[in-house]
Amino acid sequence: MSQSVTLFPLNCIRCATPIPAEVNEVAWLCSICGASMALTEAGEIVPCEFHFSTDLPAGKKGRPFWVAEGVVRLIRQSYNRIGKSDQEAIQFWSQPRRFFIPAYDCGLEEMLTIGTRWLTKPPPLFEGAKSDFLPITQSAADVRAFAEFLIIAIEAARKDKVKEIQFELEMGVPQLWILP
Ligand SMILES: [Zn+2]
């Protein structure tokens, strides 16, 4: 039995120029007309807006991230009664937070490190000129799962004996940003 890999010809949705797409990529920018597009879970190519940070250094590829606003309603039970960590958690999630999920190929460790750092101290999002960026291999469909993973990681890292964490996450539509 032969195993076949289906490589569908990918053409720009606006000008039909062939896009040199790698197998694991999920979003592209047409080098001819500048149209940006992404692959959906259903296998369709749809328009997808790319935002480029003003802070991208020249000569270095930017890193693509899915950025989504999230409101987290947390129920947290530690073995202490209402401990300091519970208070910190209530305080932290009392405002909407911006999730930054790497859309480029990076390990879970890096995703956790950047994800938690930027959840606490988000980088500014000001739009600048288009620039070169790393291949986009993580689709918007995975953003929620990664965001939930980050919430659990943050809560588990608080200095107390957390017993149980429950939360509801209300999430906005992820936007693609190219960041330094
Ligand atoms: Zn095009």
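All values reported here derive from a predicted model rather than from experimental measurement. Order of listing sets the numbers, starting from 1, for every ligand and every atom in it. We're numbering straight along the sequence, starting at 1.
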S.K.: Pick out which of W177, F52, Y104 makes a ring-ring contact (aromatic ring centres under 6.0 Å, His included) with F65.
M.R.: Y104
S.K.: Could you please tell me which protein N, O or S atoms lie under 2.8 Å from the Zn ion (ligand 1)?
M.R.: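 Near the Zn ion (ligand 1), below 2.8 Å, one finds C12 SG, C15 SG, C30 SG, C33 SG.
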S.K.: Nearest heavy-atom pair of R158 and S85: which atoms, and what distance?
M.R.: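 So the minimum-distance heavy-atom pair works out to CD-O, 3.5 Å.
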S.K.: Fit a plane to each ring of W118 and F100, take the angle between them on a 0 to 90° scale, and name the class: parallel (under 30°), tilted (30 to 60°) or perpendicular (over 60°).
M.R.: perpendicular
S.K.: Write down the atom of W66, the atom of P174, and the distance for their closest heavy-atom approach.
M.R.: CE3-CB, 3.8 Å
S.K.: Which atom pair, heavy atoms only, marks the closest approach of Q138 to D142?
M.R.: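 Heavy atoms of Q138 and D142 come nearest at OE1-OD2, 3.1 Å.
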S.K.: Under 4.5 Å between side-chain heavy atoms, hopping through other hydrophobics if needed: is there a path connecting F50 to V26?
M.R.: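 Yes, F50 connects to V26 through the hydrophobic network.
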